[in-house]
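Beneath this line is the structure, given in structure tokens, with notes to follow.
Remember, predicted model here, so these are calculated numbers, not experimental data.
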Amino acid sequence: MLSFKKVMNEDEDFLFHLYVSTRQDEFTHLGWSEKELEALLRMQYEAQKASYRSQIPAANHQITVYEHVPIGRIITAISEQAVGLVDISLLPEYRGRGFGTVLLQQVQRQAAEQGLPVKLHVLNGNPAQRLYARCGFYVTEESAPYIAMQWDAVLETE
């Protein structure tokens, strides 16, 4: 069973490791040393954190836990218009095992209870697009390199 815990300062090492696991493959072709690659990824990770903090200060940051082991994170932002799925990440060994579907369904239930759609942006070509489509999300806008997607509780309950 999945559970959640609020992100705390002591989760920083896990969150960086998770970030690296989602981005590392993008840069392996550069032929950089491990130290150079880590410096680049650290800089990007810190930039992402600062961006989220400044653009979405009220976002809900949670660690996803399975059998007492942190396996990912989910960041949501609730407004009067929508539940925004800001980020959802799982460690590689937990991908493709249904955890992403369970996480999305929990966000969808929360949104449905409030009568709100769920909105997200995904990098074009990201395999998560298939997961979102399977869970009832549809494309609302394509603005390279991202695709905006939405799930409507009203459509799902009709």
Give the table of side-chain donor-acceptor pairs shorter than 3.5 Å for residues 68-81, with sequence neighbours excluded, one pair per line with atom names and distance.
| from | atom 1 | to | atom 2 | distance (Å) |
| --- | --- | --- | --- | --- |
| R73 | NE | D87 | OD2 | 2.8 |
| R73 | NH2 | Q48 | OE1 | 3.0 |
| R73 | NH2 | D87 | OD2 | 2.6 |
| S79 | OG | Q81 | N | 3.1 |
| S79 | OG | Q81 | OE1 | 3.3 |
| S79 | OG | A82 | N | 3.2 |
| S79 | OG | A82 | O | 3.3 |

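- Applying the side-chain contact (heavy atoms from CB on, under 4.5 Å) test to L37 and every residue at least two apart in sequence or in another chain returns Q24, F27, L41.
- Hydrophobic clustering (side-chain heavy atoms under 4.5 Å, transitive across Ile, Leu, Val, Met, Phe, Trp, Tyr) keeps V118 apart from V86.
- By the 4.0 Å N-to-carboxylate-O rule, E12 lies close enough to K49 to be salt-bridged with it.
- Listed here is the closest heavy atom pair of C135 and Q108: O-NE2, 2.7 Å.
- Surrounding CD of E34 are at most 12 heavy atoms belonging to other residues, nucleotides or ligands under 6.0 Å away.
- M149 and Q129 make their closest contact through CE-O, 4.3 Å (heavy atoms, listed as atom of the first residue, atom of the second, distance).
- Residue-environment remark: OH (Y146) stays at or below the threshold of 12 foreign heavy atoms within 6.0 Å.
- From K5, atom NZ reaches atom NE2 of H61 across 13.5 Å, with rounding to the nearest 0.5 Å.
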For this session: Evaluate side chain to side chain contact (heavy atoms under 4.5 Å, CB included) for M1 paired with Y66, printing each intermediate quantity in order.
Result: CA-CA 6 Å; M1 183 166 128; Y66 177 67; 6.0 Å; no

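- A continuous path of ILVMFWY side-chain contacts below 4.5 Å connects I63 to V102, so both sit in one hydrophobic cluster.
- Applying the side-chain contact (heavy atoms from CB on, under 4.5 Å) criterion to S3, with sequence neighbours excluded, gives V65.
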For this session: Go through the steps for E93 and S21 under the test side chain to side chain contact (heavy atoms under 4.5 Å, CB included), then give the verdict.
Result: CA-CA 10 Å; E93 58 269 30; S21 79; over 6 Å; no

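- Annotation: side chain of Q105 is in contact with side chain of R109 (closest heavy-atom distance under 4.5 Å).
- Classification of the Y45-F16 ring pair by plane angle, with boundaries at 30° and 60°, yields perpendicular.
- Taking CD of E10 as the start and CG of D13 as the end, the distance is 10.5 Å to the nearest 0.5 Å.
- For the pair E26 and R23, the salt-bridge criterion is met [side-chain N within less than 4.0 Å of a carboxylate O].
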Exercise. Under the side chain to side chain contact (heavy atoms under 4.5 Å, CB included) criterion, do V122 and L120 qualify, and how do the steps go?
Worked result: CA-CA 7 Å; V122 61; L120 61 86; 4.2 Å; yes

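- Proximity of a side-chain donor or acceptor of S54 to a complementary backbone N or O of A50 within less than 3.5 Å is detected.
- Taken from CG in L104 to CD1 in I88, the straight-line distance is 4.5 Å, to the nearest 0.5 Å.
- What you find for K6 and D11 is that their closest heavy atoms are O-OD2, 3.8 Å.
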Exercise. What's the verdict on side chain to side chain contact (heavy atoms under 4.5 Å, CB included) for L103 and L90, showing C-alpha distance, side-chain angles and the deciding distance?
Worked result: CA-CA 10 Å; L103 289 171; L90 292 168; 4.0 Å; yes

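- Side-chain heavy atoms closer than 4.5 Å link hydrophobic residues (I, L, V, M, F, W, Y) into clusters, and following such links, even through other members, never connects Y52 to F14.
- Grouping the Ile, Leu, Val, Met, Phe, Trp and Tyr side chains by contacts below 4.5 angstrom, directly or via other members, places L85 with F4.
- Relative orientation of the F137 and W151 rings is tilted, given thresholds of 30° and 60° on the angle between their planes.
- Counting only heavy atoms from C-beta outward, the side chains of T22 and R95 approach each other to under 4.5 Å.
- V7 is connected to F99 through a chain of hydrophobic side-chain contacts under 4.5 Å among Ile, Leu, Val, Met, Phe, Trp and Tyr, so both are in one cluster.
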